[in-house]
Amino acid sequence: MNVLVVGSGRLGRYLANMLDEEGHDVAIVDENADNFRHLNKDFSGITVEGVPMDMEVLKTAGIESCDGVAVATPDDNLNITVSQIAREFFGVRNVVARISDPAREQVFKKLGLKSICHTKWAGEAMLNALVRPWDDRHLTIETSTIGFRSYLVEKRDWGDTPEDLARRSREVPFVVIHSDGSTEFCCSRKIPLAEGDKVIFSRIED
C-alpha cells in the first residue's frame, strides 16, 4: 500500500516504521523536521516538513496517489480537519485518525471518519489490570476491536451455563475451557459449568 502518515510524534513514527518494515510505501509529514531523526535508521520512506493542513504540503507528500492516510498528531481538532481534507478534497476513502478525547468519537462517526481513541484503550486496559483477575486479549480488524477475557468459574457458578453468566454482563460467551483441557464452543449448546472451568468472553470494544 501507499500510505501517508500525518504527524511524526511517537505514535506516527511507530506506525510509519512498522509500515515501512512490512514493505509499504510510506510518506510522513510533520511541522518539525527534528522529529524525523527519531525514525528507524533504515527507514526508506519519504519525510516532508510542513503544516499538515496545507494542501500543497499534502500534495508534496503524495496524498493524491495514497491508498490510505493515518492522521496521528496529538491535536484532535487538527486530526479531524486533516481527515476531512483527505476524504473530501483528495478522495482518499481509507482514512484513520488518532483522537485523545473519547467524547469526540461520535463527532468522527457522524462525519463518516474512522478513529482510534488511545485514551479509551489505555483506560480500559488499566481498569482490567487493576480490578479484573484475568488477562485480556484483543483482535483488531480494520478499526473495530474485539476484546477477549478469561473468567475462572467461581463456586457460585457451578451448574450454571455460559449464557447464565452472560446475563450478568454485556459480553458474549465464546468458548469454555474445562479443567481437563478440553474445549467447547458456546454456540447453542447449554454447557454446565464445573469447578476449574474457564469461560472466554468476547465483546466489541470499538
Side-chain angles (χ1 to χ4, degrees), residues 1-32 35 45-128 136-148 170-172 174 201-206:
M1 287 180 63
N2 188 346
V3 183
L4 171 61
V5 177
V6 178
S8 189
R10 286 191 179 92
L11 176 60
R13 293 195 305 267
Y14 186 76
L15 176 59
N17 285 328
M18 286 195 299
L19 289 165
D20 186 55
E21 288 171 2
E22 289 191 4
H24 299 285
D25 294 321
V26 185
I28 184 166
V29 172
D30 199 279
E31 290 184 69
N32 186 356
N35 288 333
I46 298 170
T47 58
V48 177
E49 181 184 5
V51 178
M53 288 192 299
D54 189 314
M55 305 278 275
E56 292 304 315
V57 169
L58 294 174
K59 287 180 181 179
T60 300
I63 194 171
E64 292 171 301
S65 60
C66 276
D67 301 304
V69 175
V71 190
T73 84
D75 186 330
D76 284 1
N77 290 326
L78 176 60
N79 292 348
I80 289 175
T81 302
V82 175
S83 295
Q84 287 182 294
I85 290 173
R87 280 175 56 91
E88 303 303 324
F89 287 92
F90 294 105
V92 183
R93 310 316 299 172
N94 187 16
V95 180
V96 182
R98 161 198 181 168
I99 55 172
S100 301
D101 185 356
R104 293 179 182 267
E105 282 188 303
Q106 294 305 316
V107 175
F108 271 81
K109 287 180 180 178
K110 288 180 180 179
L111 294 172
L113 301 170
K114 295 185 287 187
S115 64
I116 302 294
C117 182
H118 62 89
T119 304
K120 179 179 175 181
W121 281 14
E124 290 177 352
M126 294 180 75
L127 173 67
N128 292 334
D136 273 18
R137 296 291 183 270
H138 299 86
L139 172 65
T140 300
I141 303 174
E142 294 186 347
T143 59
S144 295
T145 301
I146 303 171
F148 297 91
R170 294 178 297 173
E171 299 165 304
V172 177
F174 179 62
F201 287 94
S202 62
R203 63 190 180 278
I204 300 295
E205 295 193 342
D206 186 25

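Since the model is a prediction, treat every value here as computed from it, not as a measurement.
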For the atom pair CD (Glu49) and CG (Asn32), what is the distance rounded to the nearest 0.5 Å? 7.0 Å
Taking only residues two or more places apart in sequence or in another chain, which ones pass side chain to side chain contact (heavy atoms under 4.5 Å, CB included) with Asp101? Asp76, Ala103, Arg104
In short, Gly12 meets Ile28 closest at the heavy-atom pair O-CD1, 3.9 Å
Under the salt bridge (charged side-chain N to carboxylate O under 4.0 Å, His left out) test, residues paired with Glu22 that sit two or more places apart: none
Using atom types as modelled and distance alone, determine if a side-chain donor or acceptor of Ser115 lies under 3.5 Å from a backbone N or O of Glu105. no
Leu58 side, atom CG; Glu56 side, atom CD - distance, nearest 0.5 Å: 9.5 Å
CD1 of Ile85 to CG of Asp54: how many Å apart, nearest 0.5 Å? 9.0 Å
Would you name the heavy atoms of Ala61 and Leu4 that are closest together and state the gap between them? CB-CD1, 3.6 Å
To the nearest 0.5 Å, what is the distance between CG (Asn35) and OG1 (Thr47)? 11.0 Å
Atom pairs and distances, side-chain donor-acceptor, residues 87-97, under 3.5 Å, sequence neighbours left out:
{"residue": "Arg87", "atom": "NH1", "partner": "Gly112", "partner atom": "O", "Å": "3.4"}
{"residue": "Arg93", "atom": "NH1", "partner": "Arg87", "partner atom": "O", "Å": "3.4"}
{"residue": "Asn94", "atom": "OD1", "partner": "Lys114", "partner atom": "NZ", "Å": "2.9"}

So, does Asp67 use its side chain to make a donor-acceptor pair with the main chain of Asn2 at under 3.5 Å? yes
Set of side-chain hydrogen bond (donor to acceptor under 3.5 Å, both in side chains) partners for Thr81, sequence neighbours left out: none
Quick one: does Arg13's side chain have a donor or acceptor within less than 3.5 Å of a partner on Ser8's backbone? yes
Ignoring hydrogens, what is the shortest heavy-atom contact between Arg98 and Leu11? Give both atom names and the distance. CD-CD2, 3.4 Å
With respect to Thr73, which candidate in Asn79, Val82, Val29 satisfies the side chain to side chain contact (heavy atoms under 4.5 Å, CB included) definition? Asn79
Which residues pass the side chain to side chain contact (heavy atoms under 4.5 Å, CB included) test with Ile46, sequence neighbours left out? Ala27, Val48
Tell me if the CE atom of Met18 is crowded by more than 12 foreign heavy atoms within 6.0 Å. yes
Which residues share a salt bridge (charged side-chain N to carboxylate O under 4.0 Å, His left out) with Asp20, sequence neighbours left out: none
Could you tell me the separation between the CD atom of Glu31 and the CG atom of Leu78, rounded to the nearest 0.5 Å? 7.5 Å
